[in-house]
Amino acid sequence: MPRRLSTRLRLVAAAFALALLAGGCGGGDGPEDGTIELTFTWWGSDSRHEYTQKLIEMFEADHPGITIEPVFTSFDAYWDQLATATGGGNPPDIIQMEERFVREYVANGQLLDLNTVSDVLDTSDLIEPALAAGRIDGGLYTIASGVNAFSVVADPQIFQEAGVEFPDDTTWTWQDYIDISVAITEATDGELYGAQAFGSNEALFNIYARQRGEQLYNEDGSLGFSARTLADFWTLAVEQTKRGGTPPADETVEIGATGPDQSLLATNRGAMGTWWTNQLGALSRASGRDLVLLRQPGESQGVRPGMYFKPAMSYSISAHTKHPREAAMFVDFLLNSPEAGELLLNDRGLPANLKVREHISSLLPPAEQQVSDFMTEIGPDLAAPPPPPPTGAGEVVSIIQRLYEEVLFERLTPMEAAEQFIREVESVIRS
């Protein structure tokens, strides 16, 4: 009987994750019948959990000697869970990875060099950016599932209800973004908000810094921005909140602790938010509306464009798995199977495999087709992507969130928080 992603399965998966952390090692020798058991861990929305379970079922149907146990959670909880499991010697076999953490896991000897399983993991049809991000010191430690861009997602219906003109994203400024969000909140008497707060996301800050000729990290792994630039970024975010364009500080923190499914856009309570392009489908499904992708503010006024194409997420295999070839077979299925592509679509980025991308082009629902069109449209205008983050960059997620909240609640000024951010990040990153 197929395993359905019900509430019961969610509880089972959560319990399995706790068991994994407590000492149950993924990828053991398997039961007495000879079946090989692997674990696959990922983060994401409810819709990602649902179709990923279907992917697992498809793979198991074609490989009756292999079973794959799901371990999934939200993005924020994922990295603590994964760090605890790997640090305790009980890592999952197949790992959904993000670029900020790759160097750290490689340095700690936690990821398999995928070159060692190249006989079962075919990379011949993958775009170069999908491989380049995973190449470190001659090894290949992760392969991108696809590419995306960090964008503004907007709800035209709320703009219409508020009587606020829809923005021209080829010319709008950061001040335009704030003013528009305030206008929407005021026009709806506070029943709806103009935007979800943006000050806690380092990807958006990187775009803002790049527009000013700076960047989050330099090629050598050092910080590439000034305290003034970060302070100005947070000053804009605080202005938006104080003027009512976003929810109050306490509500902003509550919303920030949830995933896309509980965002202002998904719950029809806000007109705009900043999200990765591959999240448009989940946001549209949750909202029940036709949402629209927009360029980030300030792209046409800056020293250079800040937006760039980034690996959406990637797949790695534990260096400690007892079944590297079988784990590689599953990764190969995720990357190269047209049938898998029909379920994945754009949720983990536009497919890295060009043949799969072509295969699914006619199958894309409106939201995913919009992503494809948007990426094609903005591509010629983008600058080169930033260098890979240094080891330790994964800790920046919590640092920027914490210090942004200090600014939001007026316990620190934007400049005080920016200077503290630089000190803290410099203490944890290693080039």
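If you read the sequence from its start, that first residue is 1, and numbering goes on from there. Everything numeric in this text was worked out from a predicted model, so none of it was measured.
Between Glu419 and Arg228 there is no salt bridge, since none of the side-chain N atoms of the basic residue sits less than 4.0 Å from a carboxylate O of the acidic one. A salt bridge links Arg295 with Glu377: the distance from a Lys NZ or Arg NE/NH1/NH2 to an Asp or Glu carboxylate oxygen falls below 4.0 Å. With respect to Lys54 and Glu339, no salt bridge is recorded, no charged nitrogen being found less than 4.0 Å from a carboxylate O.
Side-chain N or O atoms of Ser118 include none that pairs as donor or acceptor with a backbone N or O of Leu121 at under 3.5 Å. A side-chain donor-acceptor contact under 3.5 Å links Arg357 to the backbone of Pro351.
At least one side-chain heavy atom of Leu223 sits under 4.5 Å from a side-chain heavy atom of Glu426. Taking the side chain as every heavy atom from C-beta outward, Pro167 and Tyr177 never approach each other to under 4.5 Å.
Taking the six-membered ring where tryptophan is involved, the planes of Phe421 and Phe205 are perpendicular, since the angle between them exceeds 60° and thus also 30°. Trp79 and Trp43 have tilted rings, their planes meeting at an angle from 30° to 60° on a 0 to 90° scale.
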Audit row: Tyr217, Val396, side chain to side chain contact (heavy atoms under 4.5 Å, CB included) steps and yes/no
CA-CA 12 Å; Tyr217 303 112; Val396 174; 3.1 Å; yes
Test side chain to side chain contact (heavy atoms under 4.5 Å, CB included) on Met307 and Glu299; report intermediate values, then the result.
CA-CA 8 Å; Met307 295 177 67; Glu299 284 291 279; 3.4 Å; yes
Given Ile56 and Glu69, is the side chain to side chain contact (heavy atoms under 4.5 Å, CB included) satisfied, shown in steps?
CA-CA 8 Å; Ile56 290 173; Glu69 293 295 333; over 6 Å; no
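A distance of 11.0 Å separates CG in Asp93 from CZ in Phe330, rounded to the nearest 0.5 Å. A distance of 8.5 Å separates CG of Leu345 from CG of Asp347, quoted to the nearest 0.5 Å. Rounding to the nearest 0.5 angstrom, the gap separating the CH2 atom in Trp172 from the CD1 atom in Ile180 is 5.5 Å.
Each of Val292, Leu294, Leu293 was evaluated against Phe374; a single residue qualifies, Leu293, per the side-chain contact (heavy atoms from CB on, under 4.5 Å) test.
Atom CD of Glu358 is surrounded by 12 or fewer heavy atoms from other residues, nucleotides or ligands within 6.0 Å.
Of all the heavy atoms in Tyr308 and Ala383, the pair that sits closest is CB-O, 4.1 Å. When all heavy atoms of Gly281 and Ala367 are compared, the closest pair comes out as CA-CB, 4.0 Å. Closest of all the heavy-atom pairs between Trp234 and Ala418 is CZ3-N, 3.6 Å. Nearest approach of Leu291 to Val153, heavy atoms of both residues: CB-CG1, 3.8 Å. Considering all non-hydrogen atoms of both residues, Glu424 and Ile399 come closest at OE1-CG2, 3.7 Å. Residues Gln279 and Pro260 approach most closely at NE2-CG, 3.8 Å, considering heavy atoms.
The side chain to side chain donor-acceptor pair (under 3.5 Å) contacts involving residues 181-195 comprise Ser181-Gln240, where partners must be two or more places apart or lie in separate chains.
Looking at Ser287 and Ser284, their side chains never bring a donor and an acceptor atom within 3.5 Å of each other.
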Residues 129-147, side-chain donor-acceptor partners within the protein, below 3.5 Å, at least two apart:
{"from": "Arg135", "atom 1": "NH1", "to": "Glu128", "atom 2": "OE2", "distance (Å)": "2.6"}
{"from": "Thr142", "atom 1": "OG1", "to": "Ser314", "atom 2": "OG", "distance (Å)": "2.5"}
{"from": "Thr142", "atom 1": "OG1", "to": "Tyr315", "atom 2": "O", "distance (Å)": "3.2"}
{"from": "Thr142", "atom 1": "OG1", "to": "Ser316", "atom 2": "OG", "distance (Å)": "3.1"}
{"from": "Ser145", "atom 1": "OG", "to": "Met313", "atom 2": "O", "distance (Å)": "3.1"}
{"from": "Ser145", "atom 1": "OG", "to": "Arg348", "atom 2": "O", "distance (Å)": "2.7"}

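Here the two rings, on Phe198 and Trp174, have centers that are under 6.0 Å apart.
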